[in-house]
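Below you'll find the structure, written out as structure tokens, and then a few comments.
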Amino acid sequence: MVTNVTGLPKFANEDWVAMLFGFEKVKVDPATGVKQVYIYRDEAGVPTGSAIVGMVSVEQALRAQRDCDGQALYGAVAMHVRVVARKPTGSSSAGPALPRGWQKFRDAASGRDYYFEAR
């Protein structure tokens with residue numbers, strides 16, 4: 001189960017988002033051992049304030065939505081958290097389907113996937 005999060009502070013990175021939701025509640029990719037937090041970034045690689053977070057259970061995803069939706073962080077715009085049902089894409093490591101107009105690239109140095117809105 002995944003949650004779609006908007007309204008995050010611009011400084012939020014993958015570890016910060018995992019800490020926000022609780023490290024033990026965020027799902028770990030079994031192939032890479034990395035927490036399933038996907039930060040959307042613009043063309044320059046700067047976080048946009050949106051993310052997709054894989055949660056370990058439906059209950060944890062619903063709890064995150066209930067507890068975090070509408071909360072303002074550091075004077076930023078209020079966060080919006082929505083549980084999103086994810087349909088299997090045929091590959092367990094494929095991650096969530098990207099919204100229309102978004103693209104993914106993999107940083108060669110870190111091996112992390114980054115996402116940005118193509119304009």
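Worth knowing before you read on, the calculation uses all heavy atoms, side chains too, and leaves out hydrogens, waters and symmetry mates.
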Side-chain touch [X]/[Y], heavy atoms, less than 4.5 angstrom:
{"X": "Val56", "Y": "Val26", "answer": "no"}
{"X": "Val34", "Y": "Val28", "answer": "no"}
{"X": "Thr3", "Y": "Ile52", "answer": "no"}
{"X": "Lys35", "Y": "Glu14", "answer": "no"}
{"X": "Thr6", "Y": "Thr48", "answer": "no"}

Distance (rounded to the nearest 0.5 Å) between Cys68 SG and Leu20 CG: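 Cys68 SG to Leu20 CG: 5.0 Å, rounded to 0.5 Å.
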At what distance, to the nearest 0.5 angstrom, does CE of Met55 lie from NZ of Lys25?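 Interatomic distance, Met55 CE to Lys25 NZ, rounded to 0.5 Å: 7.0 Å.
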Identify, with sequence neighbours excluded, every residue that meets side-chain contact (heavy atoms from CB on, under 4.5 Å) alongside Asn13.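 Partners of Asn13 by the side-chain contact (heavy atoms from CB on, under 4.5 Å) criterion, ordered by chain and then number, come out as Asp15, Trp16.
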All side-chain contact (heavy atoms from CB on, under 4.5 Å) counterparts of Val46, not counting sequence neighbours: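 If we apply the side-chain contact (heavy atoms from CB on, under 4.5 Å) test to Val46, skipping adjacent residues, the hits are Asp42, Ala44.
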Which atoms form the tightest heavy-atom contact between Ala12 and Ile39, and what is the distance?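 Nearest heavy atoms, Ala12 then Ile39: O-CD1, 4.1 Å.
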For the student: nearest non-hydrogen atoms of Leu8 and Ala51, plus distance: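 Nearest pair, atom of Leu8 first, then Ala51: CD1-CB, 3.8 Å.
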Can you list every pair that meets salt bridge (charged side-chain N to carboxylate O under 4.0 Å, His left out) and has a residue in residues 47-67, with sequence neighbours left out?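 Of all non-adjacent pairs touching residues 47-67, none passes salt bridge (charged side-chain N to carboxylate O under 4.0 Å, His left out).
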When you look at Val53 and Tyr38, which way does the side-chain contact (heavy atoms from CB on, under 4.5 Å) test go after all the steps? CA-CA 6 Å; Val53 182; Tyr38 304 96; over 6 Å; no
Check salt bridge (Lys or Arg N to Asp or Glu O under 4.0 Å) between Asp69 and all other residues, then give those that pass, not counting sequence neighbours.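 Only Arg82 meet the salt bridge (Lys or Arg N to Asp or Glu O under 4.0 Å) criterion with Asp69.
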